[in-house]
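By convention here, the first residue in the shown sequence is residue 1.
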Amino acid sequence: MGGKIEVKDARAIHVPDDPVIPFIEGDGVGADIWRAAVLVIDAAVERAYAGSRKIVWQQVWAGEEAIKRYGDPLPAETLRAIGDCKVAIKGPLTTPVASGFRSLNVALRQIFDLYVCIRPIRHIPGTPSPMREPEKVDFVIFRENTEDVYAGIEWSGGSEEAKRLIRFLREELGVEIRSGSGIGIKPVSPFASKRLVKRAIEYAVEKGRRSVTLVHKGNIMKYTEGAFRDWGYEVAQQEFLTEVIKEDELEELFCGELPEGKIVIKDRLADAMFQQVLLRPEDYDVLAMPNLNGDYFSDACAAQVGGLGMAPGANMGDEVAIFEATHGSAPKYAGKDKVNPSSMILSGAMMLEYLGWTEAARLIEGALQKTIEAKTVTYDLYRQLRGATLLRCSQFGEAVVRNMDKRGDTDE
């Protein structure tokens, strides 16, 4: 049957030895990458704990398959299972462009108040990269998940709602907007901004990271993204006074040398930061940013470490955490057993670490690295590596399992 994960105060969780964890295969290539990933996750747990721990998987549905089964892309049964079990993992879900239902990913974040999206960006040795020194890329993006333009507050051009809002803006506030315009609202609150930055700083403290950078476009959007920056500094000052120092204080008081046990907090404009992650990635550890910036950066930075196929992710709140492959559903490859399952596999490793099962997580990471270093890879990496062996998606998962060893120093 399996036991239930319980969430205690301050996000502390109690995990039984047989937790029930719902999974959503997802649309498109979701079924392919899930089969490869679950093989790896189960093998890691078995090897790490010799049968004393085991995940009891519970399949639930969302997206296209849910519409077929329930007539609803996000059924109540799925939401109930995730809410009860507290931890879930999912494959990619299709989101129509311009029309159709809104993003199911966004809906899940809003329903469960999964206010932080965590995207680690780290180069795995052996992975092809456009960077000259990809080993310098090792930072974690904390993306605010509930506000900004992703709040979904918008009206189509020419609609009665858009006309009313344009009229209000013109007559009440003196703002001229071209007729026929679509209108969207970008809310950014101190509540959401501060709790996001707080989680980012807590992570930096826990993991021994050296810096937290607030990434914004506050020179133009002064009262939304500029305010995000200001509220972020307030959190650092009010709640982490003994752990954090500002960048200007670092220069004035310590000649730029970070004292032991301290974290520097700084900020960068988003456009400049796109250059920084390419030219000086080693200068950054944890990046905290509003929702839309986080979407851009997490995808763009994934290209530095091998692409979205190598990019894990998690959406977390205070009660529920959902781990996910960060790429799209790629429907043209569905059922072809072709795509790279590493994003899903690494998201599984993130989930295991969240559960406190770090031994199993390290097994996955070590075995994945061995597999890639041996140049036994799927097509996305194969075409960039000389002398590589091409594997199908399922074969790649099997190869990771073969390369798994508790000590991490020998192949099986």
Please determine whether a side-chain nitrogen of the Lys or Arg among [X] and [Y] lies less than 4.0 Å from a carboxylate oxygen of the Asp or Glu.
| X | Y | result |
| --- | --- | --- |
| R383 | D380 | no |
| K262 | E243 | no |
| E133 | K136 | yes |
| R53 | D18 | no |
| K186 | E225 | yes |
| R210 | E282 | no |
| R199 | D318 | yes |
| E324 | R109 | yes |
| D267 | K246 | no |
| E239 | R195 | no |

List the atom of [X], the atom of [Y], and the distance in Å for their closest heavy-atom pair.
| X | Y | value |
| --- | --- | --- |
| A81 | P22 | O-CG, 3.8 Å |
| S211 | D283 | OG-O, 3.9 Å |
| A62 | L104 | C-CD1, 4.5 Å |
| V215 | A270 | CG1-CA, 3.8 Å |
| P19 | K54 | CD-O, 3.4 Å |

Would E319 and K86 satisfy salt bridge (Lys or Arg N to Asp or Glu O under 4.0 Å), going step by step from the backbone distance to the final call? CA-CA 6 Å; E319 289 281 331; K86 306 302 182 187; 3.5 Å; yes

Does one side chain, of [X] or [Y], offer a donor that lies under 3.5 Å from an acceptor on the other?
| X | Y | result |
| --- | --- | --- |
| E147 | S189 | yes |
| E373 | T371 | no |
| E144 | Y115 | no |
| N293 | H216 | no |

Find out whether T358 and L352 are in side-chain contact, i.e. whether some heavy atom of one side chain is under 4.5 Å from a heavy atom of the other. no

Cation-pi check, R119 onto F139 ring (under 6.0 Å, within 45° of axis):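 Not flagged: R119 not positioned over aromatic ring of F139.
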
Compute the ring centroids of F323 and Y354, then answer whether they are less than 6.0 Å apart.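 They qualify: ring centres under 6.0 Å apart.
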
Report yes or no: does [X] contribute a side-chain atom to a donor-acceptor pair with the main-chain N or O of [Y] at less than 3.5 Å?
| X | Y | result |
| --- | --- | --- |
| S159 | W155 | no |
| N315 | L114 | no |
| Q304 | V277 | yes |
| K336 | K332 | yes |
| T389 | T376 | no |
| T326 | A311 | yes |

Please verify the inter-ring angle class for Y70 with W61; under 30° counts as parallel, over 60° as perpendicular, anything in between as tilted.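 Geometry flag for W61 against Y70: tilted rings.
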
Could you tell me how the ring of Y333 sits relative to the ring of Y379: parallel (under 30°), tilted (30 to 60°) or perpendicular (over 60°)? tilted

So which of I345, V29, L381 actually passes side chain to side chain contact (heavy atoms under 4.5 Å, CB included) with N340? L381

